[in-house]
Enquirer: 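Pasting in a structure now, in structure tokens, and then I'll have a few things to ask.
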Amino acid sequence: MDKHISDDYMDNVKQALVKVPEVTLLFWIIKVAATTLGETAGDSLSMSLNLGYIVSTAIFAVIFAVAVATQIKEKGFNKWLYWLTIIATTTLGTTIADFVDRSLGIGYAGGSALLFAMLILCLFVWRKTMGSISVDSIVSPKAEIFYWTTIMFSQTLGTALGDWVADTKGMGYTMSAIIFGSLLAIIAAAHFWTNISKTILFWAAFILTRPLGAVLGDFLDKPVDHGGLALSRFGASAALLVFIVVCLLVFKQRASAKSH
């Protein structure tokens with residue numbers, strides 16, 4: 001077989017095995033909406049329904065485990081299953097972060113430092129084990145496990161960072177959203193106009209969308225005297241879910257074919 005044809009064939013086979021979406025503007029829009037939904041939905045169980053952080057974490061952990069197991073068993077890219085799993089990681093991350101920050105008594109700074117260390121460790125082990133942490137390398141169950149574990153830690157860290165900046169540092173939800181949004185804009189500029197590793201920039205952006213979602217979620221449902229809009233957590237969650245569904249229905253997504 002001609003080498004060029006053989007290489008093209010292997011590239012097509014590899015892309016068929018990738019079960020994560022192409023990273024486009026649509027990806028980031030849905031990602032922010034999903035992380036905001038994770039904040040409002042997580043608080044709905046732990047606070048509005050008064051289930052507490054431990055019980056809520058246990059519920060979301062089961063949903064996360066089932067979603068990841070189903071995602072790994074899936075034969076190809078399924079956008080509905082992928083984003084369901086993302087939402088599962090962000091709701092779980094919300095309750096875990098709240099438990100670490102508040103119930104363990106180590107505060108937002110301590111919780112953020114602990115979660116950051118765990119995230120870096122996860123990325124390091126993933127890189128040493130699989131040889132790459134780029135999106136297009138996720139073509140095996142082992143790589144998928146590393147991918148979803150890393151995402152779960154990034155979502156949890158993002159929640160803690162968002163609460164730390166908005167509450168402990170007194171920035172408020174609007175200013176915090178501006179801060180995290182500006183950092184994301186800087187990363188986007190670096191993506192287009194520098195030679196910084198696209199993989200590093202991808203994970204930096206992925207982590208930062210979570211605190212942005214966290215402060216946006218808090219802005220929607222926190223009391224007015226705390227700088228929020230005092231909207232119903234259930235209502236805000238429903239609206240965000242509808243927005244995500246509409247995006248998935250209207251716009252097409254395909255599996256990633258590039259390194260990120």
Side-chain angles (χ1 to χ4, degrees), residues 23-43 83 86-87 89-98 100-102 107-120 122-123 150-194 196-223 226-229 231 233 236-237 239-240 243-244 247 260:
V23 180
T24 62
L25 178 60
L26 176 65
F27 174 90
W28 293 116
I29 291 173
I30 299 177
K31 173 61 166 59
V32 172
T35 55
T36 307
L37 172 59
E39 186 71 18
T40 57
D43 288 347
W83 286 108
I86 287 290
I87 293 171
T89 65
T90 193
T91 49
L92 177 60
T94 295
T95 55
I96 291 178
D98 287 342
V100 171
D101 295 340
R102 301 167 187 174
Y108 295 126
S112 297
L114 174 62
L115 292 165
F116 180 74
M118 295 175 71
L119 173 61
I120 295 300
C122 186
L123 286 169
T150 301
I151 285 180
M152 191 273 290
F153 279 128
S154 75
Q155 306 281 40
T156 308
L157 170 62
T159 302
L161 283 175
D163 290 341
W164 183 31
V165 173
D167 297 333
T168 305
K169 294 303 179 181
M171 296 294 181
Y173 305 125
T174 301
M175 181 56 67
S176 296
I178 292 174
I179 291 172
F180 291 121
S182 299
L183 290 174
L184 285 168
I186 292 172
I187 292 175
H191 173 82
F192 290 109
W193 296 311
T194 74
I196 298 175
S197 167
K198 299 298 186 288
T199 298
I200 293 175
L201 292 175
F202 168 80
W203 284 111
F206 200 97
I207 292 168
L208 283 174
T209 54
R210 183 62 186 94
L212 176 60
V215 296
L216 289 175
D218 284 338
F219 175 69
L220 292 175
D221 65 35
K222 288 297 187 286
H226 283 68
L229 296 179
L231 300 178
R233 292 186 177 106
S237 298
L240 289 163
F243 175 78
I244 293 171
C247 285
H260 296 284

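The structure presented is a predicted model; accordingly, all values stated were derived computationally and were not measured.
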Enquirer: What closest approach, in Å, do G38 and T91 show between heavy atoms, and which atom pair accounts for it?
Expert: CA-CG2, 3.6 Å

Enquirer: Of the non-hydrogen atoms in L216 and A177, which two are nearest, and what is the gap between them?
Expert: CD2-CB, 4.2 Å

Enquirer: Find the distance between CD (E39) and OG1 (T95) and round it off to the nearest 0.5 Å.
Expert: 10.0 Å

Enquirer: When the ring planes of W83 and F27 are compared, do they come out parallel, tilted or perpendicular, using 30° and 60° as the limits?
Expert: tilted

Enquirer: Under the side chain to side chain contact (heavy atoms under 4.5 Å, CB included) rule, what do W203 and T150 come out as? Steps first, then yes or no, please.
Expert: CA-CA 10 Å; W203 284 111; T150 301; 3.8 Å; yes

Enquirer: Here's a test for you: under side chain to side chain donor-acceptor pair (under 3.5 Å), which of T94, T36, T156 qualifies with R210?
Expert: T94

Enquirer: Rounded at 0.5 Å granularity, tell me how far CD1 in I151 sits from CG in L92.
Expert: 12.5 Å

Enquirer: Could you pull out the closest heavy-atom pair between A205 and W28, with the gap in Å?
Expert: CB-CH2, 3.6 Å

Enquirer: Could you pull out the closest heavy-atom pair between S237 and T40, with the gap in Å?
Expert: OG-OG1, 2.9 Å

Enquirer: Going through the checks in order, is the side chain to side chain contact (heavy atoms under 4.5 Å, CB included) test met by L119 and I207?
Expert: CA-CA 10 Å; L119 173 61; I207 292 168; 3.2 Å; yes

Enquirer: How long is the gap from CH2 on W164 to CG on L161, to the nearest 0.5 Å?
Expert: 7.0 Å

Enquirer: Got a second to check how far T194's OG1 is from I186's CD1, nearest 0.5 Å?
Expert: 12.0 Å

Enquirer: Going by the side chain to side chain contact (heavy atoms under 4.5 Å, CB included) test, name the single residue among L240, L37, T35 that passes it with I87.
Expert: L37

Enquirer: Which heavy atom of Q155 sits nearest to which heavy atom of I86, and what is that distance?
Expert: NE2-O, 3.9 Å

Enquirer: Over all heavy atoms of both residues, which pair between L115 and A160 is shortest? Give the atoms and the distance, please.
Expert: CD1-CB, 4.0 Å

Enquirer: Could you go through K31 and T90, starting from their C-alpha distance and side-chain angles, then the distance that decides it, and tell me whether this counts as side chain to side chain contact (heavy atoms under 4.5 Å, CB included)?
Expert: CA-CA 10 Å; K31 173 61 166 59; T90 193; over 6 Å; no

Enquirer: Test side chain to side chain contact (heavy atoms under 4.5 Å, CB included) on I187 and L183 and set out the steps.
Expert: CA-CA 6 Å; I187 292 175; L183 290 174; 5.6 Å; no

Enquirer: Going from CD1 on I30 to CZ on F243, what distance comes out if it is rounded to the nearest 0.5 angstrom?
Expert: 7.5 Å

Enquirer: Taking atom CG of L208 and atom CG of L157, what is their separation to the nearest 0.5 Å?
Expert: 9.0 Å

